[in-house]
**Q** 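One structure, pasted below without further comment.
Quick caveat, the model's predicted, so the values are computed rather than measured.
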Amino acid sequence: MSNRPDPLAIAIASDHAGFEMKAMLAEWLRTQGHAVDDLGPFDTASVDYPDYGYKLGDAIARGVARFGVAVCGSGIGISIAVNRNSAARCALVSDSLSARLSREHNDANVIAFGARLIGPDTAKDALSVFLATPFAGDRHQNRVNKLSNPVTGKEAA
């Protein structure tokens, strides 16, 4: 029995600092049988990570992809950009445990990596766990609902 998920539609984007890791992950995902929509960039020329984070969030919101992968130098900037779209729940992860918990507890649909902070084997391991882990639902569902529909401080009290 394989722990490998069924083929998925996955969008992937980066900035110039994450280009090489993005290209490697896109190719690796294709070898796993997934349909990968590479949203760019397509070389290492300097670009602005928000542009590509917004593209990725939009792909998730439009249902073009079920999951997304975002990569920049630290993973921070692009994850913030992706999360500007209320349909996206992007989690910056650095290992397989944070990848698993982001799916189980937060129903994350986008995983972000810092290309300058983790290596390719760690990224592949975390991504594999991310795609294979189901959302636990139950007590976490109400919290996840609030991620897409924030409340004011008064309502949260």
**Q** Restricting to non-hydrogen atoms, name the atom on Leu39 and the atom on Lys55 that form the minimum distance, rounded to 0.1 Å.
**A** O-NZ, 3.6 Å

**Q** Write down the atom of Ser102, the atom of Ala91, and the distance for their closest heavy-atom approach.
**A** CB-CB, 3.5 Å

**Q** Which atom names give the shortest non-hydrogen contact between Val64 and Ala9, and what distance separates them?
**A** O-CB, 3.9 Å

**Q** Could you tell me which non-hydrogen atom of Ile118 sits nearest to which non-hydrogen atom of Met21, and how far apart they are?
**A**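 Nearest heavy atoms, Ile118 then Met21: O-CE, 3.4 Å.
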
**Q** Is it true that atom OH of Tyr52 has more than 12 heavy atoms of other residues, nucleotides or ligands lying nearer than 6.0 Å?
**A**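 Result for OH/Tyr52: enclosed.
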
**Q** Arg100 and side chain to side chain contact (heavy atoms under 4.5 Å, CB included): which partner among Asp95, Val93, Thr133?
**A**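 Exactly one candidate clears the test, Thr133.
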
**Q** Using atom types as modelled and distance alone, determine if a side-chain donor or acceptor of Lys124 lies under 3.5 Å from a backbone N or O of Leu29.
**A**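 Checking the backbone N and O of Leu29 against the side chain of Lys124, no donor-acceptor pair under 3.5 Å is found.
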
**Q** Check the pair Asp125, Thr122 against side-chain hydrogen bond (donor to acceptor under 3.5 Å, both in side chains), reporting the backbone distance first and the verdict last.
**A** CA-CA 5 Å; Asp125 184 49; Thr122 301; over 6 Å; no

**Q** Measuring from atom CG of Asp43 to atom CZ of Phe19, what distance do you get when rounded to the nearest 0.5 angstrom?
**A**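 Answer rounded to 0.5 Å: 6.5 Å.
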
**Q** What pair of heavy atoms forms the shortest contact from Asp15 to Ile78, and how long is it?
**A** N-CD1, 4.4 Å

**Q** Rounded to the nearest 0.5 Å, what separation is found between the OG atom of Ser74 and the CZ atom of Phe113?
**A**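 Going from OG on Ser74 over to CZ on Phe113, the span is 13.5 Å.
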
**Q** For the CD1 atom of Ile60 and the OG atom of Ser86, what is their distance to the nearest 0.5 Å?
**A** 12.5 Å

**Q** His140 versus Asn106: any side-chain heavy-atom pair under 4.5 Å?
**A** no

**Q** Within the structure provided, determine whether Asp37 and Ile10 are in side-chain contact (heavy-atom separation under 4.5 Å).
**A** no

**Q** More than 12 heavy atoms of other residues, nucleotides or ligands under 6.0 Å from CD of Glu20: is that the case?
**A**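 No, not enclosed.
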
**Q** Measure from the side-chain N and O atoms of Asn83 to the backbone N and O of Cys90, and report whether any donor-acceptor pair falls under 3.5 Å.
**A**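 Side chain of Asn83 to backbone of Cys90, a donor-acceptor pair under 3.5 Å: yes, one is there.
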
**Q** Determine whether more than 12 heavy atoms belonging to other residues, nucleotides or ligands lie under 6.0 Å from atom CZ of Arg30.
**A**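 Yes, because the 6.0 Å sphere around CZ of Arg30 holds more than 12 heavy atoms from other groups.
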
**Q** Specify the closest pair of heavy atoms between Ala11 and Ala59, including all atoms of both residues, with the distance to one decimal.
**A**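 Scanning both residues completely, I find the closest heavy atoms to be CB-CB, 4.1 Å.
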
**Q** Does any non-hydrogen side-chain atom of His34 lie less than 4.5 Å from one of Leu131?
**A** yes

